[in-house]
Protein chains: 2
Amino acid sequence: MPETQDKFKVLLREHGLKVTNQRIAILQVLNTRPNEHLTVDEIYDYVKEDYPDIGLATVYRTILLLTDLNLVEKLNLEDGYVRYEIGDKDRDKAHRHHHLICLECGSISSFQDDLLENLENKIFSSIGFKVEDHEVKLFGRCRKCRNNAD
Amino acid sequence: MPETQDKFKVLLREHGLKVTNQRIAILQVLNTRPNEHLTVDEIYDYVKEDYPDIGLATVYRTILLLTDLNLVEKLNLEDGYVRYEIGDKDRDKAHRHHHLICLECGSISSFQDDLLENLENKIFSSIGFKVEDHEVKLFGRCRKCRNNAD
DNA sequence: CTTAGTGCAAAGCTTTTGCACTGCA
DNA sequence: TGCAGTGCAAAAGCTTTGCACTAAG
């Protein structure tokens, strides 16, 4: 996805930040693995394949940067690992992007649904809280694990 | 709420665990502050008022125990603190218990809604994932903060 | 050239663990 | 009395930070 890379370069320059090989390499890793929900260590390992001298601190700093620029989303699945995934370029789609977490095998999948729109309107009119973002996590058992249990 | 305390004592004994002053004191703190979403440090400080010699490790161990016994719920609001609150004794109600987090003042409020039932059925029939629990967090601005901004 | 970015190692935090002691059952 | 529970301090993770060096603009 060179378009994300270009967007990234533009964003960096707009903010007076430098375009470095390390930053591009990290974005590349996240970009080529859109549905893997990577931990920092996993990102670090993947990036080292292309860029063996990179330091873990740079990975942390770059991920923070990417998150601030809204190119990457942080994910906490309560499994003890903090994960990151490339964000959807379409802000509205990202807003409808939720996660299914299997309690048995730990697999993570995503689904899209605008299920919360009504609720958010209801909350606004009843207590005046204006919802700007939301996070929905569904925990359970995936088909495979349920079949294995039989 | 002596009923929760009694339930707790019964649960402990059922599991062959001992009823100690420390455990009761920690449950008491959570019980008397049902809507405060306390961090471990806050719990530790409150318990020390009644029980000054308690160790932080005991607080961690007891909270883990309470969570395992489903008396306490863990909450991660992405604000850098892990929080705990007393769980609803009614399992179904707990399942419909969600959080509103104000991005400006950090206030946390709860609301109840069974909004996800349809969705969960839909997910089960389409991909065979059986949802057993869910977590919904809504981020935005509370009425007070929106008014202050004007 | 200038200074943001980087790698490394050290420091900081939260949470967990090992061990000798305490107190519930 | 016996063993689960506790307090303390050390260890273990993960993440951040300070500093001298490197490289982007």
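Here is the naming used below: chain letters follow the sequence lines, and residue numbers restart at 1 for every chain. Just so you know, these numbers use all the heavy atoms, side chains as well, and skip hydrogens, waters and symmetry mates.
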One pair to check against side-chain contact (heavy atoms from CB on, under 4.5 Å): B:Thr20 and B:Leu12. What are the steps and the verdict?
CA-CA 10 Å; B:Thr20 65; B:Leu12 286 175; over 6 Å; no
Could you tell me which residues satisfy side chain to side chain contact (heavy atoms under 4.5 Å, CB included) with B:Thr67, sequence neighbours excluded, listed by chain and number?
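Partners of B:Thr67 by the side chain to side chain contact (heavy atoms under 4.5 Å, CB included) criterion, ordered by chain and then number, come out as B:Ile63, B:Val72, B:Tyr84.
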With a 3.5 Å distance limit and no angle check, can you tell me whether A:Arg33 reaches the backbone of A:Leu38 through a side-chain donor-acceptor pair?
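No.
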Would you grab the first and last nucleotide of DNA chain D (5' to 3') that comes under 4.0 Å of any non-hydrogen atom in chain B?
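Listed 5' to 3', the contact boundaries are D:dG2 to D:dC8.
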For DNA chain C, what residues of residues 56-68 of chain A have any heavy atom nearer than 4.0 Å?
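Heavy-atom contacts with DNA chain C come from A:Ala57, A:Thr58, A:Arg61.
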Using a strict heavy-atom distance below 4.0 Å, which residues from residues 10-20 of chain A are in contact with DNA chain C?
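Only A:Leu17, A:Lys18, A:Thr20 qualify.
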What do you reckon, is CZ of B:Phe139 surrounded by more than 12 foreign heavy atoms closer than 6.0 Å?
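Check passes, neighbour count above 12.
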What integer distance in Å separates [X]:[atom1] from [N]:[atom2]?
{"X": "B:Asp41", "N": "C:dT14", "atom1": "CG", "atom2": "P", "value": "6 Å"}
{"X": "B:Ile54", "N": "C:dT22", "atom1": "CD1", "atom2": "C1'", "value": "14 Å"}
{"X": "B:Tyr51", "N": "C:dG23", "atom1": "OH", "atom2": "P", "value": "8 Å"}

Could you pull out all residues at least two apart from A:Phe111 that satisfy ring-ring contact (aromatic ring centres under 6.0 Å, His included)?
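In terms of ring-ring contact (aromatic ring centres under 6.0 Å, His included), with neighbours along the sequence ignored, A:Phe111 is linked to A:His98.
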Interatomic distance, A:Leu66 atom CG to A:Phe8 atom CZ [nearest 0.5 angstrom]
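Those atoms lie 4.5 Å apart.
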Could you pull out the closest heavy-atom pair between [X] and [Y], with the gap in Å?
{"X": "B:Arg146", "Y": "A:Gly128", "value": "NH2-O, 2.8 Å"}
{"X": "B:Ile26", "Y": "B:Val59", "value": "CD1-CA, 3.8 Å"}
{"X": "B:Glu36", "Y": "B:Tyr46", "value": "OE1-OH, 3.6 Å"}
{"X": "A:Gly87", "Y": "A:Glu73", "value": "CA-OE2, 3.8 Å"}
{"X": "B:Glu42", "Y": "B:His37", "value": "OE1-O, 4.1 Å"}

Could you give the angle between the helix axes at the two ends of the helix from C:dC1-D:dG25 to C:dA25-D:dT1, with five pairs per end, rounded to 10 degrees?
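Here the local axes at opposite ends form an angle of 30°.
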Which residue, B:Gln22 or B:Tyr81, contacts DNA chain C at a nucleotide closer to its 5' end, judged by nearest heavy atom?
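Final value for this comparison: B:Tyr81.
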With respect to A:His99, which candidate in A:Lys137, A:Glu85, A:Glu135 satisfies the side-chain hydrogen bond (donor to acceptor under 3.5 Å, both in side chains) definition?
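Among A:Lys137, A:Glu85, A:Glu135, the one that satisfies the side-chain hydrogen bond (donor to acceptor under 3.5 Å, both in side chains) with A:His99 is A:Glu85.
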Is there a chain of hydrophobic side chains (I, L, V, M, F, W, Y, each step under 4.5 Å between heavy atoms) that links A:Ile127 to B:Val136?
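Same cluster: A:Ile127 reaches B:Val136 through Ile, Leu, Val, Met, Phe, Trp or Tyr contacts under 4.5 Å.
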